Amino acid sequence: MKLTRVLATTLALCSAALSFSATPVYLDESKTLEERVEDALSRMTLEEKIGIIHAQSKFSAPGVPRLGISEIWCTDGPMGVRPEVLWDEWEQAQWTNDSCTAFPSLTCLAATWDPEMAALYGKSIGEEARFRNKAVILGPGVNIYRTPLCGRNFEYMGEDPYLSGKMAIDYVKGVQGNGVAVCVKHFALNNNEINRHTSNPIVDDRTLYEIYLPAFKAAAIDGGAWSFMGGYNLFRGEHASYNPILMNDILKGEWNWDGAVISDWGAVHDTETAVTGGLDMEFGSWTNGLTNGVSNAYDNYWLANPYLNGIKEGKFSEKELDDKVRRVLRLTFRTAMNRNRPWGSMGSDEHRDACRKIGAEGIVLLKNQGNLLPLDPAKVKKIAVIGENAIKMMTVGGGSSSLKARYEVTPLEGLKRRFGKDFDIVYERGYVGDTLGEYNGVKTNQDLRDFRTVEQLTSDAVKAAKEADIVLYFGGLNKSDHQDAEDSDRLSMVLPYGQDELIEAICKANKNTVVVNISGTGVAMPWADKVQAILQAWYLGNETGNAIADVLSGDVNPSGKLPYTYYADLMQCGAHKLGEYPGTPAKDKFGNDIFDIPYNEGIYVGYRFIDKNNLKPTFPFGHGLSYTTFKYGKATVDKTEGVKGDSFTVSVPVTNTGNREGKETVELFISDLKSSVDRPVKELKGFSKVSLAPGETKTVTFSVNEYDLSFFDADKHEWVCEPGDFEALIGASSADIRSKVKFSVR
């Protein structure tokens, strides 16, 4: 009887609550997003508004429990969903069901030059984030490769703003189709990891708009990204995460973007500029969390009680706060409170296949002298596999992109699976580099210790090379400090662990040497003319060994192309030839030590600098070979005159002249033949990947508008297309132009 009365009372209270108020508009998904946002905002107290704009744990913000507004949970990406950590610590939570699919590095994705691969990548990683109930995945990274030494290059998409932007668009759409927000990072000018918290790039407006902003703009406007992450670095003396020029004037002003700006973890340093500078959500301040000794650490974040007290004291108005809250509410309604988002999936066969496909599509065949590749069982019987990177797992390490992968197929394992019945495969270590396999508590459980001397390792490798028909050398970099890793830059372009000397010795022992370079950025290759073939293989995630074997066997015809210039040495890079990397000591407005970094090379980044100075890199931007050959026909251009400007269609026929089906990425560069300002010799303004059967011809077309022909006039603060003559250059790389055609703009 007592239980019945309790139930009756509960039902009566629920009935009264329901009759008291109709369903809030913010829960009604038939209403517009803005109606829902304004309704929720009107119901929130000042304290609740403050509450949702800062973290409550290492990776979450609290929402508004009283109103049923969900928490926001973030996760590191952008190459896989990071394993769970403790509520308030970086230590592992020791879950047994948070192993993910580790996808290839974003440099590999860019090397596919294929927006369809970007869409597949985004869809797949978005499904995994959704399955783990994450609202925001912290990626993609679209910062430009200014220097090959940047430790985080492997997380970015190369040196060209057009290529990076086009690939980012479909990645963003693929992720967000799952009801998971991307967080495009690091806005902007995060181009080095050394001194990353105190770097102050000195960049003119033209360089900013032409080189370092376009990929972000594409992600924001064309991709429709729901959140952005600010960088650790400064810009014109103010930290990027709340930089009024970047966040207010450009992102939210010029681009009319309605998403939320999230700070990088620990990137906020004071309340006043965070309030006025465009930051919407603060994460990671006091990154050791509650062990800092303050019992309510999160309430003491810069955008928490200090902000609340400032409003109560009249120092700040609620206008800025309401704008931040609106943006966080939009993010919440688009993700955590979107009842129509799919359920997602984790570690599926489809994700495994996507990982393998993207990896193989991104591998770049840099050299193939004498058609040594693909491997032919009729000509080869014994293979010597040499190098630590043939056996080292690479999904763990590198910083915040480190992953807890469900499995990882090493290159040696992939080769044995594919060729075990065809070839006698022997393995030699060759060198000992990083024997650790641990980051942030995640371990590979590999024991890579080897107690042989350098001399013995070299001798054993040379002996194996002499006795083999062909050598597959697996070297390059790894994800330890001062290689491809967050928070440190490389010390030089030279391969570590004495690999150059080892490769030279192997070449002397066996002329049929293939180098498979695993890295996220370019390395010096003083031996490039001594080896027969070179593959750039990246960090390929779960399916590393299988993807590499697919290409070496010819099961997949390589079609990747370099998304950056492979410099012969640092002096071919404008940032090092003309700049002051990694900066000169200076002071910020508070008197803190910073490093000014003049970008003296201006717009001449990557191939633009190579062209301007008529240099010959080891391999040019856009370079990549195939096991077949392609012939380009004569390019033509058609002009359409419009009220708002002219547009042009550039066409070129491409024929597969070999005996194997293959894919070719046709690249369109534009040259302004006469300009009132200094302009690059040519700039990438289009690309198209086309699949061709032997003997097949297809016509590739590109659309070019006046914006594509423009430069940024800093004095007018606008894009300008000057009338006159231009030239469309169609090529297989920036140094391999196959056809040209001139056209004129009114």
Side-chain angles (χ1 to χ4, degrees), residues 363-392 410-412 415-416 419 422-434 448 450-478 483 492-519 522-537 548-549 551-553 558 566-569 616-619 623 625:
I363 291 174
V364 184
L365 180 61
L366 296 175
K367 180 181 180 180
N368 193 21
Q369 188 172 323
N371 294 320
L372 190 62
L373 297 177
L375 297 173
D376 186 352
K379 299 179 181 178
V380 176
K381 298 302 179 185
K382 187 173 184 179
I383 298 176
V385 176
I386 299 173
E388 179 176 280
N389 280 1
I391 61 170
K392 182 174 176 57
T410 66
L412 182 59
L415 290 170
K416 287 182 175 180
F419 296 117
D422 298 324
F423 305 126
D424 177 16
I425 299 175
V426 298
Y427 174 72
E428 273 298 334
R429 182 72 171 266
Y431 69 93
V432 176
D434 178 18
L448 295 180
D450 193 314
F451 301 102
R452 285 176 287 177
T453 64
V454 172
E455 292 76 17
Q456 188 63 52
L457 285 161
T458 301
S459 175
D460 292 346
V462 168
K463 181 176 183 294
K466 286 180 179 178
E467 296 173 353
D469 298 314
I470 190 171
V471 176
L472 300 179
Y473 177 85
F474 287 83
L477 306 179
N478 55 48
Q483 296 193 47
S492 74
M493 287 184 65
V494 176
L495 284 176
Y497 316 125
Q499 291 181 75
D500 288 338
E501 293 79 7
L502 176 61
I503 294 171
E504 295 271 0
I506 291 171
C507 289
K508 290 179 181 178
N510 192 325
K511 66 177 183 179
N512 293 326
T513 296
V514 178
V515 171
V516 182
N517 184 67
I518 296 177
S519 70
V523 301
M525 292 183 172
W527 34 262
D529 60 345
K530 299 177 182 178
V531 300
Q532 294 290 95
I534 305 173
L535 280 182
Q536 177 63 37
I548 292 174
V551 171
L552 289 174
S553 65
Y566 231 102
Y567 302 111
D569 57 64
K616 184 176 177 54
T618 305
F619 299 106
H623 171 73
L625 304 176

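What you see is a predicted model; the values in this text were computed from it and never measured. The basis for the numbers below is simple: all heavy atoms, side chains too, and nothing from hydrogens, waters or symmetry mates.
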(request) May I have the step-by-step check of side-chain contact (heavy atoms from CB on, under 4.5 Å) for L365 and L535, ending in yes or no? (result) CA-CA 5 Å; L365 180 61; L535 280 182; 3.6 Å; yes
(request) Any chance you could lay out the side-chain contact (heavy atoms from CB on, under 4.5 Å) test for L502 and Y473, step after step, and finish with the verdict? (result) CA-CA 10 Å; L502 176 61; Y473 177 85; 3.7 Å; yes
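Distance check, rounded to the nearest 0.5 Å: CG of L375 to CG of L415 gives 8.0 Å. Taken from CG in L448 to CZ in R429, the straight-line distance is 5.0 Å, to the nearest 0.5 Å. Distance check: L372 CG to K379 NZ gives 9.0 Å after rounding to the nearest 0.5 Å. Note that CG of N512 and CD1 of I470 are 6.0 Å apart. Values are rounded to the nearest 0.5 Å. Here the CE-CD distance, from M525 to Q499, works out to 10.5 Å after rounding to the nearest 0.5 Å. The NZ atom of K392 sits 5.5 Å away from the CG atom of N478 when rounded to the nearest 0.5 Å.
For the side-chain contact (heavy atoms from CB on, under 4.5 Å) test with I363, the passing option among L552, V516, V551 is V551; the others fail. No option in L477, I518, D434, T410 other than I518 meets the side-chain contact (heavy atoms from CB on, under 4.5 Å) test with N389.
Nearest heavy atom pair, residue F474 against residue Y431, reads O-OH, 3.9 Å. Nearest approach of L366 to H623, heavy atoms of both residues: O-NE2, 2.9 Å. In terms of heavy-atom proximity, A537 sits nearest to I548 at CB-CD1, 4.0 Å. The heavy-atom pair separating A464 from A384 by the smallest distance is O-CB, 3.6 Å. In terms of heavy atoms, P496 sits closest to Q483 at CG-OE1, 3.6 Å. Closest heavy-atom contact between A568 and T618: CA-OG1, 3.2 Å.
The side-chain hydrogen bond (donor to acceptor under 3.5 Å, both in side chains) analysis of residues 527-536, with sequence neighbours excluded, yields the pairs D500-W527, E504-K530, N517-Q536, S519-Q536, Q536-Y566.
Distance alone, capped at 3.5 Å, places no donor-acceptor pair between the N368 side chain and the A533 backbone. Put simply, the side chain of D469 gets close to the backbone of K381: a donor and an acceptor are under 3.5 Å apart. Although no hydrogens or angles enter the test, the distance criterion places no donor-acceptor pair under 3.5 Å between the side chain of S459 and the main chain of E455. Looking at K367, its side chain does come within 3.5 Å of a backbone N or O of A528 through a donor-acceptor pair. Looking at K511, its side chain never comes within 3.5 Å of a backbone N or O of C507 through a donor-acceptor pair.
Other residues, nucleotides and ligands place no more than 12 heavy atoms under 6.0 Å from the NZ atom of K463.
Ring geometry for F423 against F419 counts as tilted: the plane angle lies between 30° and 60°, on a 0 to 90° scale.
In this structure Y567 satisfies the ring-ring contact (aromatic ring centres under 6.0 Å, His included) test with no other residue, sequence neighbours excluded. With sequence neighbours excluded, the residues that form a side-chain contact (heavy atoms from CB on, under 4.5 Å) with A465 are I386, V471, I506, A509, N510.
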